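Below is one structure, written out as structure tokens, with a few remarks after it.
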Amino acid sequence: MALNYVWIAFFLIGFVVGIIKAFVFGQTGLLSDMLTALFDAAKNGFEISIGLAGVMSLWLGIMKIGERAGVLRVFAKLVSPLFRTLFKGIPKENPAYGSVIMNLSATMLGLDNAATPLGLKAMNELQELNPVKDTATDAQVMFLVLNTAGLTLIPTSVIAMRQTIALEQHVQNFNAADIFLPTLIATFIAFLSGMIIVAISQRINLFRLPVILFVCGFLGVIALLHYTLSQMPADKMNQTIGAIGAGVILSIVILFITAGLVRRQNVYDNFIEGAKEGFNVAVRIIPYLVAMLAAIAIFRSSGCMDFLVNGIGKVVAMCGLRTDFVPDLPIAMMKPLSGSGARGLMVDVMRHYGVSSFQGKLAAIIQGSTETTFYVIAVYFGSVQIKNTRNALACGLIADLIGLVAAIITGYIFFAP
């Protein structure tokens with residue numbers, strides 16, 4: 001419902017401002033420009049979605065190979081000691097553990113199609129253990145917050161969309177995976193923040209071996225990468241970041257195919273099955289992307305977006321901070337409400353500033369490292385008819401805010417103009 005009001009507001013505010021500028025201030029050509037921008041946005045939304053179909057088909061095809069080969073199950077076993085520490089009130093052998101671990105593992109690997117049904121299954125199994133059916137348990141709150149602050153190892157859809165826009169803008173030697181490492185760092189910070197916030201409220205002892213190994217191991221890898229990269233010139237550092245992202249993704253592709261071969265799976269048929277899902281995902285995006293880009297086009301072409309961004313920029317400048325990141329803030333404001341709305345704003349920033357610009361890269365990092373908190377809470381808690389969500393929303397939004405700050409800081413560290 002919130003997105004409905006935001007969408008209507010973009011149109012109405014843009015139209016009213018356009019009328020005033022045209023008939024009060026004499027900018028008579030503005031309304032024609034707004035109409036042109038509206039139809040161009042619809043065309044661009046369709047073209048971006050169709051361009052996205054090939055990349056999404058490729059990636060979901062590869063993911064289906066890994067899923068059928070049991071790689072997801074192996075990954076779930078590796079992280080299971082951590083999650084058993086974090087979730088209170090679940091018996092050790094209860095099947096809810098399996099669903100929770102599989103859901104969070106799928107989220108980490110960018111398997112959104114698999115993550116949602118697994119998440120709903122996990123929530124229903126957690127609800128069976130709930131003594132007060134209309135009030136969320138500690139385990140359900142932790143599960144929701146870790147979902148909304150989800151650690152993402154591979155920001156699949158963001159990388160795919162960046163590649164599509166780069167082709168459209170004829171950007172040479174473009175590496176869509178260069179945001180891999182900054183996004184990973186930002187999502188880790190958001191995930192860790194959500195985990196700590198909920199653990200404090202639930203009095204969970206985080207000073208236990210699985211948690212310590214997870215945090216120290218991740219921080220060790222990040223520290224090593226940062227030390228290595230900091231010794232390089234800026235241009236070489238950016239190239240190395242892109243190479244690391246591309247290398248990790250290519251390694252996962254080969255791992256999944258090899259696992260399918262070892263398990264004697266029909267790898268090709270599994271790929272085709274997943275690729276069909278990828279095409280369907282891209283097609284389903286079309287109406288959402290067209291709707292949001294059309295509303296943003298009216299809002300931007302009327303001058304309202306520039307007014308909003310410049311206003312925020314002046315406040316930020318008064319605080320003595322740099323203002324390069326300000327054009328990306330509307331994405332952060334929209335993301336907790338709507339993933340499709342934030343996606344539309346991300347595309348708008350990439351098209352307006354350039355997909356390889358600092359603003360374009362930061363938009364991708366923010367989109368890849370924040371979550372649709374209100375949507376996730378509404379769907380997951382709604383599926384089991386929980387009315388009292390306790391502190392799940394507050395913890396999720398705090399983790400989102402910390403993730404946003406982390407995304408901006410990492411954006412400056414890796415891609416500062």
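What's counted below: heavy atoms across the whole structure, side chains too, no hydrogens, waters or symmetry copies. Every value quoted in this text rests on a predicted model; they were computed, and no experiment measured them.
Residue Met350 holds its CE atom at 10.0 Å from CG of Leu362, rounded to the nearest 0.5 Å. With values rounded to the nearest 0.5 angstrom, His352 atom NE2 is found 13.0 Å from Leu345 atom CG. In this structure, Leu184 CG and Phe218 CZ are separated by 3.5 Å, a value rounded to the nearest 0.5 Å. Rounded to the nearest 0.5 angstrom, Met123 CE and Leu144 CG are separated by 4.0 Å. Going from atom OG of Ser301 over to atom CG of Asp306 covers 10.0 Å, rounded to the nearest 0.5 Å. Here CG of Asp328 is found 10.5 Å from CE of Met346. Values are rounded to the nearest 0.5 Å.
For the pair Ile197/Val145, no side-chain contact is recorded, criterion being any heavy-atom separation below 4.5 Å from C-beta on. Between Phe256 and Val267, the closest side-chain pair of non-hydrogen atoms is not below 4.5 Å. Side chains of Lys335 and Leu404 form no contact here, defined as non-hydrogen atoms less than 4.5 Å apart. A heavy-atom distance below 4.5 Å is found between the side chains of Ile365 and Phe415. Counting only heavy atoms from C-beta outward, the side chains of Ile413 and Pro182 never approach each other to under 4.5 Å. Residues Ile312 and Met333 are in side-chain contact: their nearest non-hydrogen atoms beyond the backbone lie under 4.5 Å apart. Between Ile189 and Ile185, the closest side-chain pair of non-hydrogen atoms falls below 4.5 Å. By the 4.5 Å heavy-atom criterion applied to side chains, Ile296 and Val347 are not counted as neighbours.
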Before you tell me yes or no, could you show the steps for Asn266 and Arg68 under side chain to side chain contact (heavy atoms under 4.5 Å, CB included), namely the whole-Å CA-CA distance, both residues' side-chain angles and the distance that decides it to 0.1 Å?
CA-CA 9 Å; Asn266 190 327; Arg68 290 288 173 81; over 6 Å; no

Would you check, one step at a time, whether the test ring-ring contact (aromatic ring centres under 6.0 Å, His included) holds for Phe358 with Tyr412?
CA-CA 8 Å; Phe358 171 75; Tyr412 273 109; 4.8 Å; yes

Side chain to side chain contact (heavy atoms under 4.5 Å, CB included) for Ile257 and Leu261? Distances and angles first, verdict last.
CA-CA 6 Å; Ile257 293 174; Leu261 178 65; 5.6 Å; no

Trace of the side chain to side chain contact (heavy atoms under 4.5 Å, CB included) decision for Ile298 with Phe10
CA-CA 7 Å; Ile298 293 293; Phe10 277 172; over 6 Å; no

Does the side chain to side chain contact (heavy atoms under 4.5 Å, CB included) test come out yes or no for Met195 and Leu86, once each step is laid out?
CA-CA 8 Å; Met195 182 175 72; Leu86 297 178; 3.6 Å; yes

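No more than 12 heavy-atom neighbours from other residues, nucleotides or ligands sit within 6.0 angstrom of CZ on Phe15. Within 6.0 Å of OH on Tyr353 lie more than 12 heavy atoms contributed by other residues, nucleotides or ligands. The 12-atom threshold is exceeded at CG of Asn388, counting heavy atoms of other residues, nucleotides or ligands nearer than 6.0 Å. For Lys133, the NZ atom sits in a packed shell: over 12 heavy atoms of surrounding residues, nucleotides or ligands are nearer than 6.0 Å.
Across all their heavy atoms, Ser356 and Lys361 have their closest contact at O-CE, 3.5 Å. Contact between Gln163 and Ala176 at its shortest, heavy atoms only, is OE1-CB, 3.5 Å. Between Ala186 and Thr410 the shortest heavy-atom distance is CB-OG1, 4.2 Å. Thr135 and Ile386 make their closest contact through C-CG2, 4.2 Å (heavy atoms, listed as atom of the first residue, atom of the second, distance). Taking each heavy atom of Ala407 and Ile366 in turn, the nearest pair found is CB-CG1, 4.0 Å. Considering all non-hydrogen atoms of both residues, Asn44 and Leu293 come closest at C-CD1, 4.5 Å.
Between the side chain of Gln202 and the backbone N or O of Asp138, at least one donor-acceptor pair lies under 3.5 Å. Checking side-chain atoms of Ser357 against main-chain N and O of Gly360 turns up a donor-acceptor pair under 3.5 Å. Remark: side-chain polar atoms of Lys64 are not paired, donor with acceptor, to backbone N or O of Ile272 under 3.5 angstrom. In this structure, the side chain of Gln169 engages the main chain of Val355 through a donor-acceptor pair within 3.5 Å. For the pair Asn130 (side chain) and Leu126 (backbone), a donor-acceptor distance under 3.5 Å is absent.
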Show me the side-chain donor-acceptor pairs of residues 315-322 shorter than 3.5 Å, one per line, residues at least two apart or across chains.
| unit_1 | atom_1 | unit_2 | atom_2 | d |
| --- | --- | --- | --- | --- |
| Arg322 | NE | Asp324 | OD1 | 3.1 |
| Arg322 | NH2 | Asp324 | OD1 | 3.3 |

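Between Asn124 and Gln127, the side chains place no donor N or O within less than 3.5 Å of an acceptor N or O (distance only, hydrogens not considered).
We find that Arg300 and Asp348 are joined by a salt bridge, their nearest charged nitrogen and carboxylate oxygen being less than 4.0 Å apart.
Relative orientation of the Trp7 and Phe11 rings is perpendicular, given thresholds of 30° and 60° on the angle between their planes. Taking the six-membered ring for Trp and thresholds of 30 and 60 degrees, Phe87 and Phe143 have ring planes inclined between 30 and 60 degrees apart.
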